[in-house]
Amino acid sequence: MNRNLLFVLALLTFSVSFAQVTREKFESRKLNTTREIKIKLPAGYDPSSPLKHPVIVVFDGDYLFEAVAGQVAFQTYFDEMPKSIIVGIEQGKQRFYDSYHDEVTGMPIESGERFYRFVSEELLPYIDSKYNTSKFRVAVGHNVMGNFINSFLLSSDPMFHAYVNLSPDFKGEMKENVVSRLKWIDEEIFYYMVTSDHDLASLKDNIREVNANLQGAKNNSLTYYFDEFKGDTHYMLVTGGISKALDKIFELYKPLDEKELKEKVFPYEGTLDDYIVDRYKRIEELFGIYKPITEEEFEKIVAVAEQREDVESLEKIGKLADKQDPNSSLGTYYLALYAEKMGKTKKAVKLYETALQLNDMAHIDKDFILSKVEDLKFVAEEVEEEGED
């Protein structure tokens, strides 16, 4: 699906949930003025729920907020990323002052430093205190605000864990400092950068230079992505960049796909329950959210276990599914399947009958389980008759 179609679909999705966007006047002591911010909560947001949500801060919220919110709505609808809280900062005529920087270092100074402190010391703590936020934060910046968001990366304790640089206008020594920081940073960071062949020439050259210097970076803490689109202008690349960035940043969150099943799951050394548990534990550690293993994921892992003729994994996956949801028939069904493959027919029949008393699975109905029970009983009767003869 091309980028333009994705964006159109995202806007359609966003239009449905537009009413969920609230505007607030934020009185800032750091700026000594009032700023307009937009906040979009996830669909069905429940303040009393223990569920946590990543926070996406959109600089240049005047024109970027809707593009980001639409794409987030689209990707969360298909469970391609976690439901997130989006915060847009409207900058308008203040953009020049917000992005004010030292010509040598490229770092914020004076009004730019005050804006930095507004975000770090006022806005982010306010959002965390008011909403159910996870520890995972994403910064989105375009052009000179792309340069600005890198100042958070260069701090000793980065407040953002993912950076979406949409054709950043690197100032002074910022590009050298970003490369050095990303090569040696020792905490988990996602860094996305995009340009295009029709981008502004001065920006494009600097972006290509940064990319060239980052290509050889061997840092296990860094997840780096780069795109150079064809035919897009400096402003057109924004929509596709946002789509690709979110797609890459939250790649781990997505359901298992054929590539991962083939390249990582099938050759995994050990039982497959360990693989899926470790995968979901990493989602929780990285994004600060708890995501239960879905029935679909269990089915995919079991299918691989059967391909590997790995009955030990099948048993352990059954126990894992049963532990996660004792009221579902899923775990008991897999344990029955394990007993059947081990030739323990009576135990298998008993477990299948137990599964019939539990909550239905989405893809395996009771009629199918009943047919399994009848087939196994028929086999058991035949074995008994042969024994008597």
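Below, all heavy atoms of this structure are taken into account, side chains as well, without hydrogens, waters or symmetry copies.
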Item to complete: Give a yes or no on whether Val72 and Ile85 share a hydrophobic cluster (residues Ile, Leu, Val, Met, Phe, Trp, Tyr; joining criterion: side-chain heavy atoms under 4.5 Å apart).
Response: no
Discussion item. Holding to side-chain hydrogen bond (donor to acceptor under 3.5 Å, both in side chains), I want the full list of residues that pass it with Arg29, two or more places apart in sequence or in another chain.
Written reply: none
Discussion item. Quick one: does any side-chain atom of Ser155 pair with a main-chain N or O of Phe152 as donor and acceptor, under 3.5 Å?
Written reply: yes
Item to complete: Return yes if some donor-acceptor pair links the side-chain N/O of Gln324 with the main-chain N/O of Ile293 below 3.5 Å, else return no.
Response: yes
Discussion item. I'd like to check Glu251 versus Tyr225 (side-chain heavy atoms, cut-off strictly below 4.5 Å). Are they in contact?
Written reply: yes
Item to complete: Indicate yes or no for a side-chain donor-acceptor contact from Asn177 to the backbone of Glu173 under 3.5 Å, with no hydrogens or angles considered.
Response: yes
Worksheet item: Tell me, do Ile127 and Thr133 make a side-chain contact under 4.5 Å, heavy atoms counted?
Response: yes
Discussion item. Using side-chain heavy atoms (C-beta onward) and a distance below 4.5 Å, is His161 in contact with Ile249?
Written reply: no
Discussion item. Could you tell me if the side chain of Leu351 sits less than 4.5 Å from the side chain of Leu337, heavy atoms only?
Written reply: no
Response to the item:
Residues passing the ring-ring contact (aromatic ring centres under 6.0 Å, His included) test with Phe96, sequence neighbours excluded, are none
Worksheet item: Mind checking whether Phe190 and Tyr224 have ring centres under 6.0 Å apart?
Response: no
Discussion item. Under the rule for side-chain hydrogen bond (donor to acceptor under 3.5 Å, both in side chains), what residues qualify as partners of Glu258, not counting sequence neighbours?
Written reply: none
Fill in: Check: Ser313 side chain, Asp310 main-chain N or O, donor-acceptor pair, under 3.5 Å
no
Discussion item. Using the side-chain contact (heavy atoms from CB on, under 4.5 Å) criterion, which residues pair with Lys93? Sequence neighbours excluded.
Written reply: none
Discussion item. If only side-chain N and O atoms count, and only distance matters, is there a donor-acceptor pair under 3.5 Å linking Glu113 with Tyr100?
Written reply: no
Discussion item. If you compare all heavy atoms of Pro326 against all heavy atoms of Leu358, which two are closest, and at what distance to 0.1 Å?
Written reply: O-CD2, 4.0 Å
Worksheet item: Do Val194 and Phe226 come close enough that some side-chain heavy atom pair is under 4.5 Å?
Response: no
Discussion item. With clusters defined by side-chain heavy atoms of hydrophobic residues (ILVMFWY) lying less than 4.5 Å apart, directly or transitively, does Val119 cluster with Val138?
Written reply: no
Discussion item. For a 4.5 angstrom cut-off between non-hydrogen side-chain atoms, does Pro54 reach Ile289?
Written reply: yes
Worksheet item: Does the Asp325 side chain pair with the main chain of Asn327, one donor and one acceptor, at a distance under 3.5 Å?
Response: yes
Discussion item. Any non-hydrogen side-chain atom of Glu295 less than 4.5 Å from a side-chain atom of Ile364?
Written reply: no
Worksheet item: Which residues satisfy the side-chain contact (heavy atoms from CB on, under 4.5 Å) test with Asp257, sequence neighbours excluded?
Response: Lys259, Glu260
Worksheet entry | Tyr97 ring center near Phe115 ring center (under 6.0 Å) | no
Worksheet item: Does a side chain donor of either Glu299 or His363 reach within less than 3.5 Å of an acceptor in the other side chain?
Response: yes
Worksheet item: In terms of the angle between their ring planes, are Phe160 and Phe59 parallel, tilted or perpendicular, with boundaries placed at 30° and 60°?
Response: perpendicular
Discussion item. Between Arg35 and Gln94, is there a side-chain heavy-atom distance shorter than 4.5 Å?
Written reply: yes
Item to complete: Can you sort out the partners of Asp247 under side-chain hydrogen bond (donor to acceptor under 3.5 Å, both in side chains), two or more places apart, ordered by chain and number?
Response: Lys254
Worksheet item: Got a sec, which pairs hit salt bridge (charged side-chain N to carboxylate O under 4.0 Å, His left out) with one end in residues 114-139, sequence neighbours left out?
Response: Glu24-Lys130, Lys30-Glu121, Arg117-Glu121, Asp128-Arg137
Practice prompt. Sorted by first residue and then second, give each ring pair (Phe, Tyr, Trp, His ring centres under 6.0 Å) pair with at least one member in residues 289-348; sequence neighbours left out.
Written response: Tyr333-Tyr352
Response to the item:
Hits for side-chain hydrogen bond (donor to acceptor under 3.5 Å, both in side chains) against Asp79, two or more places apart or cross-chain, chain-then-number order -> Tyr253
Practice prompt. Please name all residues satisfying side-chain contact (heavy atoms from CB on, under 4.5 Å) with Ser371, sequence neighbours left out, ordered by chain then number.
Written response: Phe368
Item to complete: For the residue pair Ser221 and Asp186, confirm or rule out a side-chain donor-acceptor distance under 3.5 Å.
Response: no
Pairs of donor and acceptor atoms involving the side chains of residues 266-273, under 3.5 Å and at least two apart or interchain, shall be tabulated with distances.
{"residue": "Thr271", "atom": "OG1", "partner": "Asp273", "partner atom": "OD1", "Å": "2.6"}

Worksheet entry | same_hphob_cluster(Tyr191, Val68) at 4.5 Å side-chain heavy-atom cutoff | no
Worksheet item: Just by distance, do the side chain of Asn219 and the backbone of Lys183 share a donor-acceptor pair under 3.5 Å?
Response: yes
Fill in: Derivation of the salt bridge (Lys or Arg N to Asp or Glu O under 4.0 Å) call for Arg208 and Glu228
CA-CA 9 Å; Arg208 285 174 171 173; Glu228 182 167 334; 2.5 Å; yes
Exercise answer: donor-acceptor pairs, residues 141-148 side-chain atoms, under 3.5 Å, sequence neighbours excluded:
{"residue": "His142", "atom": "ND1", "partner": "Tyr63", "partner atom": "OH", "Å": "2.9"}
{"residue": "His142", "atom": "NE2", "partner": "His234", "partner atom": "O", "Å": "3.2"}
{"residue": "His142", "atom": "NE2", "partner": "His234", "partner atom": "NE2", "Å": "3.4"}
{"residue": "Asn143", "atom": "ND2", "partner": "His234", "partner atom": "NE2", "Å": "2.8"}
{"residue": "Asn147", "atom": "OD1", "partner": "Lys171", "partner atom": "N", "Å": "2.9"}
{"residue": "Asn147", "atom": "ND2", "partner": "Gly106", "partner atom": "O", "Å": "3.2"}

Practice prompt. Using the six-membered ring wherever Trp is involved, compare the ring planes of Tyr45 and Tyr131 and label them parallel, tilted or perpendicular (cut-offs 30° and 60°).
Written response: perpendicular
Worksheet item: Under 3.5 Å, is there a donor-acceptor pair between the side chain of Asn132 and the main chain of Ser49?
Response: yes
Worksheet entry | Criterion salt bridge (Lys or Arg N to Asp or Glu O under 4.0 Å) on Lys291 and Glu284, from CA distance to verdict | CA-CA 7 Å; Lys291 181 185 181 185; Glu284 185 172 4; over 6 Å; no
Discussion item. I'd like to know if the side chain of Gln71 pairs up with that of Gln75 as donor and acceptor (distance under 3.5 Å, no hydrogens or angles considered).
Written reply: yes
Discussion item. Whether the side chain of Ser84 engages the backbone of Pro82 through a donor-acceptor N/O pair (distance < 3.5 Å, no angle test) should be reported.
Written reply: yes
Discussion item. Donor-acceptor pair, distance only, cut-off 3.5 Å: does the side chain of Glu90 make one with the backbone of Ile37?
Written reply: no
Fill in: Presence of salt bridge, Lys347 and Glu340, under 4.0 angstrom
no
Practice prompt. Starting from the C-alpha separation in whole Å, work towards a yes-or-no answer on side-chain hydrogen bond (donor to acceptor under 3.5 Å, both in side chains) for Ser48 and Asp46.
Written response: CA-CA 5 Å; Ser48 64; Asp46 180 3; 2.7 Å; yes
Worksheet entry | Short side-chain to backbone donor-acceptor contact, Ser129 and Tyr126, under 3.5 Å | yes
Worksheet item: For the hydrophobic clusters of this structure (ILVMFWY residues joined by side-chain heavy atoms under 4.5 Å, transitively), does one cluster hold both Val55 and Tyr192?
Response: no
Worksheet item: What are the two closest non-hydrogen atoms of Gly231 and Met236, and how far apart are they?
Response: O-CE, 4.4 Å
Worksheet item: Does a salt bridge link Lys341 with Glu309, judged by any charged N lying under 4.0 Å from a carboxylate O?
Response: no
